[in-house]
Amino acid sequence: MERRGFLKNAAVTALLGSSVAACEKAEQSTSAVSTPASKAEPTMQQKTIEWKMVTTWPKNFPGLGTGANHLAALIGEMSGGRLKVKVYGAKELVPAFEIFDAVSQGTAEMGHGAAYYWKGKSEAAQFFTTVPFGLTAQEMNSWLYHGGGMDLWKEVYEPFGLVPTASGNTGVQMGGWFNKEINSVTDLEGLKMRIPGLGGEVLKRAGGIPVSLPGGEIFTSLQSGAIDATEWIGPYNDLAFGLHKAARYYYYPGWHEPGTTLECFVSKKAFDALPADLQSIVINASRVANQDMLAEYTARNNQALKTLIEEHGVDLRRFSNEILAKLKVLSDEVVAETAAKDQLSRRIYESFVSFRDQAKAWHDISERAYMNARG
Ligand code: CA
């Protein structure tokens with residue numbers, strides 16, 4: 001068997017060798033009648049597959065829209081052009097908050113967004129974006145890839161005919177933009193703020209009015225006074241949106257989004273129809289895009305923050321310990337209640353909390369101890 005396999009491989013190698021030689025010969029010859037196909041093009045047996053990716057982001061929006069573009073480009077490159085993904089910004093094919101249904105129903109093969117936008121479909125989905133006072137980016141990836149999180153996420157999306165992947169992370173976000181000082185929890189009462197997911201529910205318990213808006217609608221809503229405050233992401237993105245033109249106070253830290261995972265989801269039907277190597281490319285291109293987005297935010301946020309403060313006069317403030325302590329108590333309540341909604345949410349909550357406790361114990365003596373020592 002081994003020998004037969006060897007001979008077969010040897011024959012294939014010889015064949016490839018002769019066609020490469022033929023290509024080189026043809027390239028050298030000026031009188032060639034026909035030019036053999038380039039080595040980079042798919043062979044006849046490898047037909048090109050074309051997919052659509054719908055996103056919740058404005059087209060080419062820094063970090064997020066470009067993160068979706070990066071993922072699509074990686075899939076194209078890694079597959080040698082066999083799987084081509086065309087990216088659509090929000091509203092180009094479907095509105096931002098309809099991409100989940102669009103991929104679930106087969107209008108597009110892929111989506112790029114954030115799982116907490118789909119809490120109306122499944123409460124449990126929120127655990128896979130970020131949890132107030134939950135995991136950092138590093139811990140989130142550890143839970144997903146090595147702590148059982150990804151299997152649970154697949155279980156949540158399975159009834160919708162979708163396969164999820166983590167495809168980006170913003171790191172710790174900012175607390176948000178406000179037009180008044182937030183000196184105590186009572187300053188949050190009656191505050192109409194754009195803040196999605198579990199963080200929004202926490203604001204509600206603190207007396208505020210949470211609103212969920214896609215990114216493209218935030219600036220005009222804040223400027224017109226339709227909302228009093230907003231969180232978005234961090235300096236790199238917030239500067240690009242011009243949020244400093246609509247609010248003065250910029251608060252930190254982003255207690256509500258400590259390590260926000262962006263997602264890609266794929267139609268299970270389209271995914272299952274791919275050969276195994278292309279399936280692996282989709283999964284592993286997402287892993288590359290996931291890591292790269294975090295690196296990009298880490299590299300760019302501080303420069304953008306300097307620009308906001310030095311060139312635009314933004315007033316940078318830290319939430320007081322008293323406010324953060326109160327928000328943490330409310331967050332723990334909200335997250336625990338989410339666990340009581342259904343059996344799957346309970347299992348996810350238990351996995352998440354147990355992982356957070358372990359990650360915290362280790363990071364207390366590693367990341368935290370080192371950061372403190374570095375000063
Ligand atoms: Ca955010």
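We count ligands from 1, going down the list as the structure has it; atoms in each ligand are counted the same way. Note: hydrogens, waters and symmetry copies are ignored here, and every other heavy atom, side chains too, is used.
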Practice item. Everything protein-side that's N, O or S and under 3.0 Å from the Ca ion (ligand 1): list it, residue and atom. Key: Gln173 OE1, Glu231 OE1, Glu231 OE2, Trp232 O, Glu257 OE2

**Study point:** Stepwise salt bridge (Lys or Arg N to Asp or Glu O under 4.0 Å) test for Arg248 and Asp315
**Key:** CA-CA 6 Å; Arg248 179 179 171 194; Asp315 199 335; 3.7 Å; yes

Practice item. Fit a plane to each ring of Trp177 and His244, take the angle between them on a 0 to 90° scale, and name the class: parallel (under 30°), tilted (30 to 60°) or perpendicular (over 60°). Key: tilted

Check your understanding: Would a line drawn from the ring center of Trp143 to the ring center of Phe127 be shorter than 6.0 Å?
Key -> no

Point to revise | Short side-chain to backbone donor-acceptor contact, Ser366 and Trp362, under 3.5 Å | key: yes

Point to revise | Among Phe160, Tyr117, Tyr116, ring pair (Phe, Tyr, Trp, His ring centres under 6.0 Å) partner for Phe100 | key: Phe160

Check your understanding: With ring centroids as reference points, do Tyr252 and Phe319 lie under 6.0 angstrom apart?
Key -> no

